[in-house]
Participant: 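Submitted below is the structure of interest, expressed as structure tokens.
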There are 2 protein chains.
Amino acid sequence: MGNSRVTLKDLAKELNLSPSTISRAISGHPAISDATRKLVQQKADELGFTPNSIASSFRKKKTQSIGIIVPKIDIHFHSLVISGIEEYAYSKGYNVTIFQSKDSFEREKEITRILQNRMVEGIIICLSNETKSYAHFKKFTKLGVPVIFYDRVPTNFNANKIVINDYESAFKATEHLIQQGCSRIAHIAGNQSTHIFKDRLEGYKTALKKHKLPIDPSLILETKNLTYEEGAECAKKMLALPESPDGLFCSNDYTAISAIQVFQKAHIKVPEQIAVVGFSNYPISRVIEPNLTTINDRAFQMGQAAASLLIRQIDDTDSFVEFETITLKTDLVVRASSMRKASDTKL
Amino acid sequence: MGNSRVTLKDLAKELNLSPSTISRAISGHPAISDATRKLVQQKADELGFTPNSIASSFRKKKTQSIGIIVPKIDIHFHSLVISGIEEYAYSKGYNVTIFQSKDSFEREKEITRILQNRMVEGIIICLSNETKSYAHFKKFTKLGVPVIFYDRVPTNFNANKIVINDYESAFKATEHLIQQGCSRIAHIAGNQSTHIFKDRLEGYKTALKKHKLPIDPSLILETKNLTYEEGAECAKKMLALPESPDGLFCSNDYTAISAIQVFQKAHIKVPEQIAVVGFSNYPISRVIEPNLTTINDRAFQMGQAAASLLIRQIDDTDSFVEFETITLKTDLVVRASSMRKASDTKL
DNA sequence: TTATTTTATGCAAACGTTTGCATTAATTCG
DNA sequence: CGAATTAATGCAAACGTTTGCATAAAATAA
């Protein structure tokens, strides 16, 4: 039955060689002759030898594994990021261990303890929305284990970060609406205690200012979690205003879509009477009718960038760079939901 | 700067105790007096000792980690399953390492090699769609490492499997359409080389037979990948038939939704002129108008079930059970896209 | 008080690799 | 041909825990 695995020593005994020679032969050390290398390789295949990475990790103090902490895996944005991380990490020989903080600060702390014990060589994390203190990451800095934050990143705390320019993206989205002829533009905002949503609101305001449009507080609706349901509520509130908006920029696609549906049920035409732009470019934005104009936030690339930066930092042990922040380009993907003029390109 | 971590030995020296005592104190061995236990605990906190899991894994030959292989992480179904796995595994003290096969057989094989080297204690996998041979899993059986297949599971190969009853679910969906008064029911089928889609087709046929409805081959449209685009094509083909169908059961939600949109553009009313049922209960099914009736395939629960079965098998080393197959219940979630009669419940 | 049991701790080996250094054999050079 | 160099392999220690067994000290029983 379940015989225990074949080890270097077994191979060594079998071939009358020392374990060191076997080790070197397997890992391609130059000092080993081609003859023995082949011999070892052959015997290894024959006996089904497979190197014990745990023993190797233990000895070398290199686990070749990185840890990821996300609030929830089944949020599409995060699954895309994870996918990007896995792809890049795999190509570099790193494994990826995943944890969900479920937006709990306590759990996030507990996970960092586990990751430290597991000796991951680096960490990529999107903070839980409860997290206000970052002390639980200090130990990694001390140990020389790089930590990369993405999306929800710490403020007032020096760290490696991968972000998009939320401000700029929101500005682009809002300006696009202005160029489409909208002059009363509303905004469905995310929780203002999260800086990314704050930035988006700022970008929206700046675009209005630049084009000399008034900033009307009644057109700015803050939500708690940008849910589909909250989107509908906000849309209804807008319709109840003395004067309805003719443009809407939403901080995510869910609220944008539910708003569109509310408008349509009220027989208000999108984009003719109100043009709508979302944020994130979720697959659903290509399904809703009219297709949703939105910001492509490049989640997959964000994952790749995070992994690439992380592994670079793992390898460059003695670089002078302490922290790095990478800002990714975003695109405005123009679709039917905002197309009031024929001039724009459709994607 | 980055001092190396504090070890058991360091603690031992500091307290003039032997490493074994420290080890036992930390792990709560009963033979250690409360006094020393407290002493050790205190010193451990003081020096910031944290146990080296790698060393422990190495010594105990227990890594407390399981491997997951999915075709692609960012497919919503898989991210839900992974979420379920992580949640359960975390509660039991297991870590989860993720790999994407990207539907490549070669990559899947390579990953199994890595997992063997990493000494994971169990594996949960959804097969790549290229996989026809299962020889690369035999080694795990030999080593006593349990493997659980879900969703796309091997045929003609004894193994642990978590599945839903595709046949039964399709039967339910089709019968529901019949009960709604449909008599010409079409089916958009998945790739018939995959058994789950074959089963769904069979369930559809059986429902028709049971209700003495003819099986019309022109109403059965096979697709390659059940994409949104293929769904639209199929819908157009249906409309081109001499007599249009009045019901449609699709093997996933994407094709169902794109079909609905094609119908609506052709001014055919859903559900009045054609009732539509999908499969999977993707979030989008609650967004499309009318909301889509669909099969809830319980992806999250599938992940939990897989993790639970896996860990049970890891713990029960000498059980008499060789393999287990768990079939999960599915629900028909009735929504507007199939409601021609008022009698049904709406969710 | 002595023998016996219980309680608490220590000893030392082991887990499978890796690696600096030493050694031997083979080759090249003067 | 002997000395110096190069090439190929071996020795042995180390990585940080865990654990069976031994031991010492304390508590109990006789």
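In the text below, chain A, chain B and the rest are named by the order of the sequence lines, each starting its count at 1.
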Participant: Both conditions, 6.0 Å and 45 degrees, for the charged tip of B:R107 above the ring of B:F99: are they met here?
Facilitator: no

Participant: Indicate, with yes or no, if the rings of B:F149 and B:F137 have centres closer together than 6.0 Å.
Facilitator: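 Yes, the ring centres sit under 6.0 Å apart.
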
Participant: Classify every nucleotide of nucleotides 11-16 of chain D by which part a protein heavy atom approaches to under 4.0 Å, writing B for the base, S for the sugar-phosphate alone and - for neither, in 5'-to-3' order.
Facilitator: BBBBBB

Participant: Please classify the nucleic acid contact of A:N16 as base, sugar-phosphate, or nothing, using heavy-atom distances under 4.0 Å.
Facilitator: sugar-phosphate

Participant: Do the side chain of A:Q100 and the main chain of A:I73 share a donor and acceptor less than 3.5 angstrom apart?
Facilitator: yes

Participant: Identify whether any heavy atom of A:I54 sits under 4.0 Å from a base atom; if not, whether one sits that close to sugar-phosphate; answer base, sugar-phosphate or nothing.
Facilitator: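 No contact at all - A:I54 keeps every heavy atom at 4.0 Å or more from the nucleic acid.
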
Participant: Checking all strands, does B:T36 fall into the base, sugar-phosphate, or nothing category for heavy-atom contacts under 4.0 angstrom?
Facilitator: sugar-phosphate

Participant: Applying salt bridge (Lys or Arg N to Asp or Glu O under 4.0 Å), run through A:D315 and A:K92 and close with a yes or a no.
Facilitator: CA-CA 11 Å; A:D315 292 342; A:K92 297 291 178 185; over 6 Å; no

Participant: Restricting to non-hydrogen atoms, name the atom on B:I26 and the atom on B:A44 that form the minimum distance, rounded to 0.1 Å.
Facilitator: CD1-CB, 4.3 Å

Participant: Quick one: on DNA chain C, does A:V6 or B:I22 contact a more 5' nucleotide (nearest heavy atom)?
Facilitator: B:I22

Participant: Hey, does B:S23 reach any base, or is it just sugar-phosphate, or nothing, if we go heavy atoms under 4.0 Å?
Facilitator: base

Participant: Nearest whole Å is fine: how far is C:dT19 C1' from A:H29 NE2?
Facilitator: 9 Å

Participant: Okay, side chain of B:S27, backbone of B:S23: is any donor-acceptor separation there less than 3.5 Å?
Facilitator: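 Pair found, side chain donor or acceptor close to backbone of B:S23.
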
Participant: Report which part of the nucleic acid A:D34 touches: base, sugar-phosphate, or nothing (heavy-atom distance under 4.0 Å, all strands).
Facilitator: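 No contact at all - A:D34 keeps every heavy atom at 4.0 Å or more from the nucleic acid.
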
Participant: Please confirm whether the shortest side-chain N or O distance from A:S33 to OP1 or OP2 of D:dA7 is below 4.0 Å.
Facilitator: no

Participant: Roughly how many Å is it from CG in B:N117 to C1' in C:dT17, rounded to a whole number?
Facilitator: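 In whole Å, C:dT17 C1' lies 13 Å from B:N117 CG.
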
Participant: Tabulate below the donor-acceptor pairs under 3.5 Å that side-chain atoms of residues 117-129 of chain B make, not counting sequence neighbours, or state none.
Facilitator:
residue: B:N117; atom: OD1; partner: A:T50; partner atom: OG1; Å: 2.3
residue: B:R118; atom: NE; partner: A:N95; partner atom: OD1; Å: 2.5
residue: B:R118; atom: NH1; partner: A:T63; partner atom: O; Å: 3.1
residue: B:R118; atom: NH1; partner: A:N95; partner atom: OD1; Å: 3.4
residue: B:R118; atom: NH2; partner: A:T63; partner atom: O; Å: 2.8
residue: B:R118; atom: NH2; partner: A:Q64; partner atom: O; Å: 3.3
residue: B:R118; atom: NH2; partner: A:N95; partner atom: OD1; Å: 3.4
residue: B:E121; atom: OE1; partner: B:K62; partner atom: NZ; Å: 2.9
residue: B:E121; atom: OE2; partner: B:T63; partner atom: N; Å: 2.9
residue: B:E121; atom: OE2; partner: B:Q64; partner atom: N; Å: 2.5
residue: B:S128; atom: OG; partner: B:E130; partner atom: N; Å: 3.0
residue: B:S128; atom: OG; partner: B:T131; partner atom: N; Å: 3.2
residue: B:S128; atom: OG; partner: B:T131; partner atom: OG1; Å: 2.9

Participant: Roughly how many Å is it from CG in A:L39 to C1' in D:dA8, rounded to a whole number?
Facilitator: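 One finds 14 Å between C1' of D:dA8 and CG of A:L39, rounded.
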
Participant: Does a side-chain N or O of A:T21 approach OP1 or OP2 of D:dG10 to a distance below 4.0 Å, or not?
Facilitator: yes

Participant: What integer distance in Å separates B:R118:CZ from C:dT17:C1'?
Facilitator: 14 Å

